[in-house]
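Notes follow once the structure below has been shown.
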Amino acid sequence: MPTKKTSKKTSKKAASTKSETGPALQSAIYNAGFSWTAGPTPISELSAQEQVAHLGLVVSDAELKATAKAIQAAESMKSFSAAFAAPPPSVDWRNKGGNWTTPVKDQQSCGSCVSFATCGTLEARLNIACNNANMDVDLSEAHLFFCGCGNCCGNGWNFAPALDFCKNTGVGLESSFPYTPGDKPCKPGVPIYVKISNWTSVLPIVDRKNTLATKGPMVAGMAVFADFSSYTSGVYRHVSGALRGYHAISVVGYDDAQQCWICKNSWNTTWGEAGYFRIGYGECGIDT
């Protein structure tokens, strides 16, 4: 999934009404020919303003358009390139000879999703790199977010500076700087536990699948509409509701049979499929 740098704040103009979770939404899902299930969730019960506070990826229209063009160009070049290894039809790092992901966390009412998506991805990659599915290092989202971005709960962040922080400074452990929602100063002297050597945007879909299959989870972004807060299970496809804003998540797999990406969220295990969700290919800008 391409990582995108941003300047546009999440949708602060959203109304203060709660998300629609009743029979009307489920009927709309059915009428659209989709198969996901909606219902009351801890997120759908919040006001629109509170839902926006659970996002935090900011992206400009110009950047979205530029990324879409870059992906289109990369896909075109891929079609003319030499034969490449076809990725497997499905991958799920929660069940790939073990569960290589780490426990789902809760960003709560702070726009720190980029930090949670990045740390969750790094934690899984550490398990994979060390060939130990049970190592489960607990990285500090607070260190990455409040030292890398600053007082950004109300503004959000972007992948590029977050990953640059992981490369240039590194990230400490949760025990060294525990996360609580709300702006706070950077804690000095946090011991660095891990650094990354580099990062890159992966554009063609086949390359994303091969990267997921061979290297592990990736960070990604998506647009979030009101109906997403009511997701409880199935392959999500947008049906109704206003744009709430943009959100960062960790992609842990995919399934060609279901035509979906498998993603780890940061809204606690009480939302979605125990904190995870499946989203259709191309939905909500996840592939652009």
Side-chain angles (χ1 to χ4, degrees), residues 10-57 90 92-95 99 101-113 116-117 120 181 217 220-287:
T10 52
S11 178
K12 297 291 185 181
K13 295 182 180 179
S16 60
T17 55
K18 295 179 181 179
S19 296
E20 182 181 44
T21 59
L25 176 55
Q26 196 61 60
S27 178
I29 295 169
Y30 176 80
N31 291 335
F34 302 150
S35 59
W36 63 278
T37 303
T41 72
I43 303 298
S44 69
E45 294 300 298
L46 301 175
S47 70
Q49 185 176 5
E50 291 170 322
Q51 290 175 21
V52 169
H54 284 69
L55 305 178
L57 175 64
S90 65
D92 187 346
W93 282 98
R94 298 171 300 173
N95 184 25
N99 182 1
T101 66
T102 54
V104 171
K105 297 182 180 179
D106 190 351
Q107 70 184 81
Q108 303 180 62
S109 56
C110 174
S112 52
C113 61
F116 278 81
M222 60 178 285
V224 170
F225 296 89
D227 60 354
F228 185 66
S229 67
S230 302
Y231 171 89
T232 60
S233 65
V235 177
Y236 171 79
R237 295 184 182 277
H238 171 54
V239 173
S240 66
L243 176 69
R244 293 292 194 235
Y246 296 91
H247 190 45
I249 39 85
S250 177
V251 181
V252 304
Y254 63 88
D255 189 328
D256 284 342
Q258 299 182 76
Q259 291 288 289
C260 70
W261 303 107
I262 304 167
C263 307
K264 179 183 182 181
N265 204 352
S266 51
W267 291 349
N268 209 323
T269 56
T270 54
W271 177 90
E273 296 178 327
Y276 287 82
F277 67 99
R278 289 169 285 161
I279 181 170
Y281 293 154
E283 280 294 314
C284 301
I286 195 167
D287 287 320

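What you are looking at is a predicted structure, and each value in this text was computed from that prediction instead of being measured.
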* Distance-minimising heavy-atom pair for Ser250 and Gly120 -> OG-C, 4.4 Å

* Asked: Is there a donor-acceptor pair under 3.5 Å between the side chain of Glu283 and the backbone N or O of Arg237?
  -> no

* To do: Looking only at non-hydrogen atoms, find the nearest pair between Ser266 and Phe116 and report the distance.
  => CB-CB, 3.7 Å

* Structure fact -> Nearest heavy-atom contact between His54 and Gln108 is CD2-O, 3.4 Å

* To do: Quick one: closest heavy-atom pair of Gln51 and Ser44, and the distance?
  => NE2-O, 3.8 Å

* Kindly state each residue pair satisfying salt bridge (Lys or Arg N to Asp or Glu O under 4.0 Å) with at least one member in residues 264-282, sequence neighbours excluded. => Glu273-Arg278

* Output the distance between atom CG (Asn95) and atom CD1 (Ile262), rounded to the nearest 0.5 Å. => 9.5 Å

* **Point-to-point distance, once rounded to the nearest 0.5 Å, from OG1 of Thr41 to CG of Asn268** => 11.0 Å

* Interatomic distance, Phe228 atom CZ to Cys284 atom SG [nearest 0.5 angstrom] -> 7.5 Å

* Asked: Nearest heavy-atom pair of Ala223 and Leu243: which atoms, and what distance?
  -> CB-CD1, 3.8 Å

* Asked: Considering only heavy atoms from C-beta outward, does the side chain of Asp227 approach that of Leu25 to under 4.5 Å?
  -> yes

* Asked: Looking at Ile286 and Cys263, what are the two nearest heavy atoms and their distance?
  -> CD1-SG, 4.2 Å

* **Pairing residues for Tyr231 by the ring pair (Phe, Tyr, Trp, His ring centres under 6.0 Å) criterion, not counting sequence neighbours** => Trp271

* Short side-chain to backbone donor-acceptor contact, Gln259 and Ile279, under 3.5 Å -> no

* Can you spot which of Thr232, Val235, Ile249 makes a side chain to side chain contact (heavy atoms under 4.5 Å, CB included) with Phe277? => Ile249

* Structure fact -> The reported gap from CD in Glu50 to OG in Ser229 (rounded to nearest 0.5 angstrom) is 11.5 Å

* **Inter-residue atom distance His247.NE2 - Trp267.CH2, 0.5 Å rounding** => 4.5 Å

* Within 45° of the ring axis of Tyr276 and under 6.0 Å from its six-membered ring centre, is that where the NZ or CZ of Arg94 lies? -> yes

* Point-to-point distance, once rounded to the nearest 0.5 Å, from CZ of Phe225 to NE2 of His238 -> 4.5 Å

